[in-house]
Amino acid sequence: MIFSGSSQKETTKKVCDLLDNPVGDIAIDKFPDGEKTVQFLDNIRGRDIFLIQSLITDADFMETFIMCDAARRASAKRITLVAPFVGYMRQDRKTKPRTPITARLVFDLLETAGVDRIVTIDLHNPAAQGFANCPVDNLYGSSLFFRKFPDVDANKYIVISPDGGGIKMAEAFSSVIGCDYGFIPKIRKNGQIITKDVQGDVEGKTVLIVDDMTETGGTLINAMNKCKEAGAEKVDAFVTHSPLTEEGKKQLTKWDSNGIVLTTNSVGVKHKLKTIKVLDISSILAKAIKRIHNNESLSELFEIKGF
């Protein structure tokens with residue numbers, strides 16, 4: 001049985017249509033002070049439950065904890081959280097004294113609430129899966145990109161990470177395309193972030209900037225400008241998650257009209273900018289749900305070539 005949280009109702013409907021499975025009946029209400037309450041209107045005793053909800057805002061997290069607790073108390077056999085986007089993953093280690101590791105905290109809270117398994121897409125740091133005691137399936141958003149562009153000319157392409165932290169993602173894309181990759185180094189000086197020149201030969205090529213997330217759009221725009229200055233013919237971007245702020249929407253209107261920014265609907269937001277094209281995650285979520293329910297291997301979902 002598949003149920004939707006407040007953040008992914010449209011995606012849940014698409015997933016259920018693909019699986020020829022009805023959307024489960026659940027009531028999510030609020031008390032006058034904003035406190036949420038949940039009731040499963042279907043009988044879920046002994047059932048395999050899938051909750052589709054992106055964890056973007058604090059309210060999303062609390063709603064998910066409540067849904068999981070309600071499902072557990074209603075004697076669901078297994079609770080799988082399908083969370084295309086999981087927030088609080090950037091704080092995955094202590095970089096300063098007296099700071100939290102929220103990535104670990106999130107998994108602890110979800111497991112305490114009753115989650116037996118988690119399905120997500122492109123965690124900010126894939127190594128954060130190690131914080132969870134339950135199985136975590138971290139699917140690749142890149143599979144959607146290669147469905148859209150199955151035949152990319154490797155000789156004309158180069159993949160660039162907009163910072164040093166995304167080199168692994170850039171390397172993964174380049175290995176599938178068969179092209180070179182590079183990155184744009186940054187240093188912090190006197191509290192200011194200084195961007196250096198592009199490391200990689202972008203002259204006369206189409207650059208694909210890849211990143212897992214953008215909010216303000218500043219890093220993407222800066223990377224595009226650096227690549228254009230270095231002689232790139234065209235600059236595209238693929239960003240898995242885009243919970244854009246108002247500043248982010250404003251920044252991405254500046255994207256060069258020759259290129260496009262591809263993202264997914266992992267955060268359930270409909271982007272209306274002409275510079276952004278949205279790829280639908282419903283198909284890969286539906287495949288994951290079907291395979292998990294049937295106790296089948298998910299290995300095929302991690303194979304990028306052949307899509």
Side-chain angles (χ1 to χ4, degrees), residues 1-9 11-12 15 24 26-31 33-40 44-45 47-139 141 212-213 215 240-241 243 266-269 281 285 288-289 292-293 298:
M1 301 182 73
I2 303 172
F3 296 87
S4 175
S6 298
S7 69
Q8 283 289 7
K9 290 184 178 181
T11 298
T12 303
V15 168
I26 185 172
I28 302 174
D29 295 313
K30 288 182 181 180
F31 290 105
D33 63 355
E35 180 181 323
K36 289 198 173 185
T37 181
V38 168
Q39 181 185 13
F40 286 89
I44 61 174
R45 181 178 296 274
R47 303 298 292 269
D48 195 9
I49 301 302
F50 294 86
L51 305 175
I52 302 180
Q53 170 91 310
S54 283
L55 304 178
I56 309 161
T57 67
D58 294 348
D60 294 332
F61 276 95
M62 196 65 211
E63 181 179 292
T64 302
F65 298 148
I66 296 171
M67 286 194 297
C68 293
D69 185 72
R72 178 171 58 86
R73 295 178 187 276
S75 300
K77 180 181 179 180
R78 179 173 63 175
I79 302 170
T80 300
L81 173 63
V82 182
F85 175 77
V86 181
Y88 285 96
M89 290 290 112
R90 284 174 291 196
Q91 301 175 71
D92 55 12
R93 61 193 182 278
K94 286 176 69 71
T95 57
K96 300 176 183 177
R98 300 174 295 282
T99 55
I101 302 179
T102 58
R104 170 62 187 268
L105 176 63
V106 164
F107 287 125
D108 285 348
L109 290 171
L110 289 171
E111 289 170 16
T112 299
V115 170
D116 297 302
R117 189 182 193 111
I118 299 170
V119 178
T120 187
I121 300 174
D122 285 350
L123 283 172
H124 183 67
N125 181 1
Q129 296 171 78
F131 290 138
N133 293 313
C134 68
V136 177
D137 300 302
N138 184 37
L139 305 179
D212 69 299
M213 181 173 66
E215 292 175 304
T240 310
H241 312 294
S266 64
V267 296
V269 177
I281 59 175
L285 296 185
I289 289 172
I292 290 170
H293 176 65
L298 296 184

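Quick caveat: nothing in here was measured; it's all calculated off a predicted structure.
Annotation: the span from Gln8 atom CD to Leu51 atom CG amounts to 13.0 Å, rounded to 0.5 Å. The NE2 atom of His124 sits 5.5 Å away from the CG atom of Asp212 when rounded to the nearest 0.5 Å.
Annotation: side chain of Phe3 is in contact with side chain of Ile44 (closest heavy-atom distance under 4.5 Å). Between Ile52 and Ile289 the shortest side-chain heavy-atom distance falls below 4.5 Å. Between Asp48 and Lys77, every side-chain heavy-atom pair lies at or beyond the 4.5 Å cut-off.
Between Ile121 and His241 the shortest heavy-atom distance is O-NE2, 2.9 Å. The two residues Gly5 and Lys9 make their nearest non-hydrogen contact at O-CG, 3.5 Å. In terms of heavy atoms, Ile292 sits closest to Arg78 at O-NH2, 3.0 Å. Considering all non-hydrogen atoms of both residues, Met213 and Pro243 come closest at CG-CD, 3.9 Å. When every heavy atom of Ala71 is checked against every heavy atom of Ile79, the shortest pair comes out as CB-CD1, 3.7 Å. The nearest pair of heavy atoms linking Cys68 to Val115 is SG-CG2, 3.4 Å.
The environment of CZ in Arg47 is sparse: at most 12 heavy-atom neighbours from other residues, nucleotides or ligands sit within 6.0 Å.
Scored by the side-chain contact (heavy atoms from CB on, under 4.5 Å) test, Ser7 finds Gln53, Ser54, Asp60 as partners (sequence neighbours excluded).
Put simply, the side chain of Asn138 gets close to the backbone of Leu123: a donor and an acceptor are under 3.5 Å apart. The backbone N or O of Lys36 sits nowhere less than 3.5 Å from a side-chain atom of Glu63 that would complete a donor-acceptor pair.
Here the rule is side chain to side chain contact (heavy atoms under 4.5 Å, CB included) with Leu285, and of Ile2, Thr12, Thr11 only Thr11 fits it. Applying the side chain to side chain contact (heavy atoms under 4.5 Å, CB included) test between Val38 and each of Thr64, Asp69, Ile26, Asp29 identifies Ile26 as the sole match.
For the salt bridge (Lys or Arg N to Asp or Glu O under 4.0 Å) condition, the pairs that include at least one residue of residues 116-125, sequence neighbours left out, are Arg117-Asp137.
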Output a table of donor-acceptor pairs, distance under 3.5 Å, between side-chain atoms of residues 80-91 and any protein atom two or more places apart or on a different chain; print 'none' if there are none.
{"from": "Tyr88", "atom 1": "OH", "to": "Asp58", "atom 2": "OD1", "distance (Å)": "2.7"}
{"from": "Arg90", "atom 1": "NH1", "to": "Glu215", "atom 2": "OE1", "distance (Å)": "2.8"}

Problem set entry | Residue pair Asp92, Phe131: steps toward the side chain to side chain contact (heavy atoms under 4.5 Å, CB included) verdict | CA-CA 9 Å; Asp92 55 12; Phe131 290 138; 4.3 Å; yes

For this session: Decide yes or no on side chain to side chain contact (heavy atoms under 4.5 Å, CB included) for Val119 and Leu298, but give the supporting numbers first.
Result: CA-CA 11 Å; Val119 178; Leu298 296 184; 5.7 Å; no

For this session: Please assess Ile118 against Phe107 for the test side chain to side chain contact (heavy atoms under 4.5 Å, CB included), listing each intermediate value before the final yes or no.
Result: CA-CA 9 Å; Ile118 299 170; Phe107 287 125; 3.6 Å; yes

